[in-house]
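Everything quoted here is computed from the prediction, not taken from an experiment.
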Amino acid sequence: MYTMLSSILLAVAQTTTPPPAVPAEEIVVVGHRATDALAACLARQCPPAEDVEASLQASVEQFTAGRYDDARQTLQRAIRRNRAHAATLPGPVSSLYATLATVAEHEGDSNLWTSAARTNVELLRRHVGPSVPGTLLEEISFTDALIATGSLSNASDNLVRVERLALAAGHPDIAAGAAYRRAWLAFARRDDRSAAKLADHAVAIAGPGKAEVAGLSDILKSRIAARKGDKGAIDALAARTPPKDTERPTLLFSRPVEDINPRTSIMSDSWNDSDIRFADVGYWIRPDGRTDGAEILQTSGLGQWEGAVLKQVATRRYAGLKLPAGDPGIYRVDRFTIRATMGVPTGSRIKQRMGRLTTHIVDLTETEAMSAAQKRRVAEARATTSS
């Protein structure tokens, strides 16, 4: 995906023991339990709520296995069966569209990505309300799709609208979140002055006592300083950032995946690349916020991109973690998809992937297959530290 930050805490009161040596590539088995459960659900004509939940689980299973096309079709069929129930099941049905947007992103279908994300928020506006926190948060997520597909002006306008609606409805935290996204959008445009002003604006909206928003502003300003050449900016940020809970690690800094597209002067619509390459990367976040032990758990055609993906994980810097002394840290799994965007080349009417390859990232830690890999790594590491 388009975003990812990172950090390190310099003042650590403990040392950790590295995990034991592991094979370079672990075999990850993704079964068909959820897909079979969906088939059984449909065979007995299960109620819409069960249908939606079973469809979501099956699509995640298929996505994890690298069957992106199957995941997309599962979601699209579920939408056709259940969109008439949106008024009574707005949350579940909207989740179908939100999940479809993620799958479409990784498949490279920008039109489906944005249309699914847009339908998700339109459904929530209509059936839940435009100023309800859940709707406003999905509106902010929708801007990520707009940004990633190049609609920067529309993304900015949407964030301004979300900020206004959130303030009017008495949700200053969400309004601050929208302002903070605008700050990052300015940063991406290399408008550092506007980015810093919008970060301060987000802190002012949140009000006193909102340390989390102030911390986010600090992250952005440190990134600005680092980009201007301050080599100690990220270390200083990490040193003053309090340790965080392990449920949602706070990424303070990371570099983008290195672009290893072939350098060519050929127009991008004159060639195509029909493959989707992906890899699931497991890695530790140590108590000091550094990453360690990045490894490929599962891969499909990643090839020369493998080194670039592992290098990106190694550059991440997270906030320190609240963990007992001697704890090895937390183990995470991210899916990296490398793919071209769907389009119709000149002289053809057939949609295909074409142009430069881009990288898209999603957290798979809590999926069934990857959760099993994570538990094995944690058990191995804890067995080592306790021996």
Side-chain angles (χ1 to χ4, degrees), residues 1-8 102 105-108 110 113 141 143-152 155 180-192 194-195 199 216 219-235 237-238 249-264 268 273 275-283 285 289-292 294-296 299 301-319 332-341 353 355-365:
M1 293 196 198
Y2 219 78
T3 59
M4 284 210 140
L5 320 167
S6 198
S7 103
I8 143 188
T102 298
E105 175 194 353
H106 284 253
E107 267 205 304
S110 297
W113 179 8
S141 295
T143 62
D144 290 342
L146 293 174
I147 292 169
T149 53
S151 299
L152 302 185
Y180 184 66
R181 290 294 180 95
R182 289 173 60 207
W184 272 103
L185 183 54
F187 177 76
R189 288 170 160 168
R190 306 190 76 83
D191 184 355
D192 292 344
S194 294
L216 293 175
I219 291 171
L220 178 56
K221 290 180 179 179
S222 296
R223 290 290 300 273
I224 292 173
R227 187 160 71 183
K228 290 181 176 180
D230 185 346
K231 295 181 179 179
I234 301 303
D235 286 344
L237 169 67
T250 301
L251 183 59
L252 302 180
F253 176 82
S254 75
R255 300 187 187 281
V257 175
E258 179 186 358
D259 184 356
I260 60 172
N261 278 285
R263 297 185 181 278
T264 176
S268 63
D273 189 327
D275 291 337
I276 292 180
R277 301 164 175 84
F278 71 84
D280 297 328
V281 179
Y283 60 96
I285 303 174
R290 296 180 184 271
T291 56
D292 189 24
E295 57 183 332
I296 302 292
T299 183
L302 203 62
Q304 60 184 337
W305 288 85
E306 186 172 306
V309 164
L310 292 172
K311 183 178 179 181
Q312 193 273 346
V313 173
T315 69
R316 297 184 192 175
R317 306 282 292 275
Y318 290 84
R332 310 290 297 177
V333 182
D334 287 351
R335 162 68 56 85
F336 286 75
T337 300
I338 313 289
R339 52 73 173 167
T341 300
R353 293 183 188 87
R356 298 181 68 79
L357 303 177
T358 55
T359 307
H360 303 261
I361 308 170
V362 65
D363 183 1
L364 289 187
T365 305

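Across all their heavy atoms, Asp192 and Lys228 have their closest contact at OD2-CE, 3.4 Å. Here the shortest heavy-atom pairing between Val333 and Thr365 reads N-OG1, 2.9 Å. The two residues Glu306 and Leu302 make their nearest non-hydrogen contact at CA-CD2, 3.5 Å. Of all non-hydrogen atoms in Val281 and Ala294, the two that sit nearest each other are CG1-CB, 4.3 Å. Contact detail for Asp191 and Ser194: the closest heavy-atom pair is OD2-OG, 2.7 Å. The minimum heavy-atom distance between Gly301 and Arg277, with the atom names listed, is O-CG, 3.0 Å.
Judged by distance alone, with hydrogens and angles left aside, the side-chain atoms of Thr315 form a donor-acceptor pair with the main-chain N or O of Arg255 at under 3.5 Å. Looking at Gln312, its side chain never comes within 3.5 Å of a backbone N or O of Glu258 through a donor-acceptor pair. Checked by atom type and distance alone, the side chain of Tyr283 never pairs as donor or acceptor with a backbone atom of Val313 at under 3.5 Å. Using a distance-only test at 3.5 Å, with no hydrogens or angles considered, no donor-acceptor pair links the side chain of Arg181 to the main chain of Asp144.
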Please determine whether side chain to side chain contact (heavy atoms under 4.5 Å, CB included) holds for the pair Asp334 and Leu364, giving the CA-CA distance in whole Å, both sets of side-chain angles, and the decisive distance to 0.1 Å. CA-CA 5 Å; Asp334 287 351; Leu364 289 187; over 6 Å; no

Apply the test side chain to side chain contact (heavy atoms under 4.5 Å, CB included) to residues Arg353 and Ile276: give CA-CA distance (whole Å), side-chain angles for both, the deciding distance (0.1 Å), then the verdict. CA-CA 9 Å; Arg353 293 183 188 87; Ile276 292 180; 3.1 Å; yes

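When His106, Glu105, Arg335 are each tested for a side-chain hydrogen bond (donor to acceptor under 3.5 Å, both in side chains) with His360, only one passes: Glu105.
Partners of Arg189 by salt bridge (Lys or Arg N to Asp or Glu O under 4.0 Å), not counting sequence neighbours: none found. When the side-chain contact (heavy atoms from CB on, under 4.5 Å) test is applied to Ala195, the partners found at least two apart in sequence or on another chain are Ala186, Phe187, Leu220, Ile224.
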